[in-house]
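Report on the structure given below.
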Amino acid sequence: MKRFIENLPKAELHLHIEGTFEPELMFKIANRNSIEIPFKSVKEIKDAYQFSCLQDFLNIYYQGANVLQTEEDFFDLTYSYLTKCNEQNVRHTEIMFDPQTHTKRGIPFQTVINGIVKAQEQAKSKLGITSLLIMSFLRHLSEEDAFKTLEESLLYKNKITCVGLDSSERGNPPSKFKNVYAKAVELGYIPVAHAGEEGDSDYVWEAIDILKIKRIDHGNNALQDTNLVQEIIKRDIALTVCPLSNSALKVVENLEEHPLKEMLNLGLKVTVNSDDPAFFGGQLNKNYIEIQKALNLSKKDMYTLAKNSFQFSFLDEYTKQKYLTELETYYQKNCATTTS
Ligand code: HPA
Ligand code: ZN
């Protein structure tokens with residue numbers, strides 16, 4: 001099963017580039033930029049990665065991002081992640097980035113996006129990996145601030161596919177960003193948002209009804225409301241679920257209690273993702289492997305998850321079909337005749 005998962009062609013749809021910042025690279029870039037970080041070793045950083053909730057994690061996550069200063073830093077960060085995609089048979093990835101985390105510190109929008117885009121281009125030409133960008137607004141900041149970011153993004157509009165919403169969920173409902181999402185949609189961005197990670201099902205309702213999102217990041221708490229589940233299915237909206245993240249941030253007590261199988265059984269379109277792999281103990285394949293073990297999922301389930309990852313990507317139809325055909329061939333070859 002492990003080999004089957006490792007070789008399975010797949011896409012990642014929920015990934016924060018700042019959350020891929022491995023301690024080794026953090027030290028390297030901190031030294032290069034002569035920036036002090038409050039840790040003496042890689043081990044000390046890793047030991048600090050014990051979280052009791054989302055906010056606990058976000059405090060450390062923003063601290064780590066502080067060392068990123070130059071276009072080269074953003075290139076190195078992004079290319080390092082894309083190399084890992086290549087090693088894991090991740091064919092396509094939809095990368096979130098948080099411009100405000102950097103512009104708030106005086107780093108120009110242009111520095112951030114140019115570094116990321118150069119890495120995307122190199123990964124496409126050297127590794128054959130496709131990717132697109134989701135520009136996420138920080139929900140603990142104001143809607144006015146999000147509007148400024150939206151405006152800044154316009155020069156790079158052809159590099160960005162979606163707008164997203166992340167950071168501290170409780171107390172910052174989707175409705176706070178109603179106007180900026182309406183404007184972003186008018187401009188041609190596809191709307192997605194984190195909802196139902198720590199916030200309850202009302203937040204998921206707001207995200208689908210008010211922000212009109214096309215994909216839900218996390219969405220675990222949608223299960224609190226059966227009408228909502230039916231509505232999500234009716235509108236054919238997928239959930240980007242992140243098992244190791246949910247376990248690390250105590251969204252679930254442990255992986256055995258994770259609702260992913262229940263979601264599949266209800267008919268929800270679920271995908272598996274790593275969220276912030278440097279912080280939560282594993283890349284994408286580890287998420288597939290650990291959730292498979294915890295819930296005793298079948299090969300067919302793993303195939304369904306990978307299929308959803310391509311199906312609910314925002315790729316053009318031609319490329320989507322190309323990946324789906326590759327996946328189908330792999331599945332037929334490796335286990336279509338057995339049910340497990
Ligand atoms: N939730 C909210 N904001 C985030 C996350 C997350 O899981 N990761 C990075 N920013
Ligand atoms: Zn996330």
Side-chain angles (χ1 to χ4, degrees), residues 11-22 26 49-66 68 77-78 81 93-104 112 116 132-141 145-146 149 162-174 176-177 191-200 203-204 206-207 211 213-222 238-252 255 258-260 270-284 287 291 309 312:
E12 174 141 75
L13 304 181
H14 183 159
L15 179 283
H16 303 262
I17 199 62
E18 295 87 353
T20 68
F21 206 3
E22 296 289 345
M26 204 180 278
Y49 291 176
Q50 303 289 333
F51 313 112
S52 60
C53 63
L54 175 59
Q55 194 57 51
D56 229 24
F57 151 71
L58 289 169
N59 296 339
I60 284 204
Y61 164 89
Y62 294 128
Q63 194 178 59
N66 280 342
L68 297 163
L77 175 70
T78 309
Y81 162 66
T93 176
E94 310 206 332
I95 301 173
M96 287 186 230
F97 73 114
D98 297 339
Q100 290 155 299
T101 299
H102 313 295
T103 51
K104 282 268 164 232
V112 179
I116 296 174
L132 57 80
L133 288 183
I134 302 170
M135 176 177 74
S136 290
F137 302 124
L138 298 182
R139 68 200 304 158
H140 65 273
L141 300 178
D145 224 310
T149 303
C162 307
V163 290
L165 191 60
D166 62 9
S167 189
S168 323
E169 189 176 7
R170 283 203 193 109
N172 297 298
K176 180 177 164 187
F177 296 91
V192 303
H194 283 55
E197 180 185 19
E198 282 192 348
D200 65 21
Y203 279 29
V204 184
E206 284 193 7
L211 304 188
I213 59 169
K214 302 295 177 202
R215 210 164 60 201
I216 303 167
D217 293 317
H218 295 295
N220 300 42
N221 288 340
L239 270 47
T240 64
V241 173
C242 307
L244 292 177
S245 164
N246 291 163
S247 169
L249 301 186
K250 314 287 188 287
V251 169
V252 295
L255 279 186
H258 198 283
L260 181 138
V270 182
T271 63
V272 165
N273 307 274
S274 69
D275 206 5
D276 300 282
F279 294 85
F280 300 149
Q283 304 291 324
L284 185 55
N287 276 271
I291 198 67
S309 76
F312 290 90

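We count ligands from 1, going down the list as the structure has it; atoms in each ligand are counted the same way.
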Check ligand 1 for N or O atoms under 3.5 Å from a protein N or O and list each pair with its distance.
{"from": "ligand 1", "atom 1": "1 (N)", "to": "Glu197", "atom 2": "OE1", "distance (Å)": "2.8"}
{"from": "ligand 1", "atom 1": "3 (N)", "to": "Ser167", "atom 2": "N", "distance (Å)": "2.8"}
{"from": "ligand 1", "atom 1": "7 (O)", "to": "Glu197", "atom 2": "OE2", "distance (Å)": "3.1"}
{"from": "ligand 1", "atom 1": "7 (O)", "to": "His218", "atom 2": "NE2", "distance (Å)": "3.3"}
{"from": "ligand 1", "atom 1": "7 (O)", "to": "Asp275", "atom 2": "OD2", "distance (Å)": "2.7"}
{"from": "ligand 1", "atom 1": "8 (N)", "to": "His16", "atom 2": "NE2", "distance (Å)": "3.2"}
{"from": "ligand 1", "atom 1": "8 (N)", "to": "Asp276", "atom 2": "OD2", "distance (Å)": "2.7"}

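The two residues Ala146 and Gln100 make their nearest non-hydrogen contact at N-NE2, 3.8 Å. Residues Ser245 and Glu197 come closest through the heavy atom pair OG-OE2, 4.2 Å.
If you count the protein N, O or S atoms nearer to the Zn ion (ligand 2) than 2.8 Å, you get 4.
For Ala193, the side-chain contact (heavy atoms from CB on, under 4.5 Å) test picks out Leu165, Tyr181, Leu211, Ile213, with sequence neighbours left out. Qualifying side-chain contact (heavy atoms from CB on, under 4.5 Å) partners for Asn172, counting only residues two or more places apart in sequence or in other chains: Arg139, His140, Ser168, Lys176.
The CG atom of Asn273 sits 8.0 Å away from atom CG of Asn287, with the distance rounded to the nearest 0.5 Å. The structure places CZ of Arg170 at 9.0 Å from OH of Tyr203, a figure rounded to the nearest 0.5 Å. Between atom CD of residue Gln50 and atom CG of residue Asp56 there is a gap of 10.0 Å, rounded to the nearest 0.5 Å. Interatomic distance, CG of Asp276 versus CG of Leu244, reported as 11.5 Å (0.5 Å rounding).
At least one donor-acceptor pair closer than 3.5 Å links the side chain of Ser309 to the backbone N or O of Ala11.
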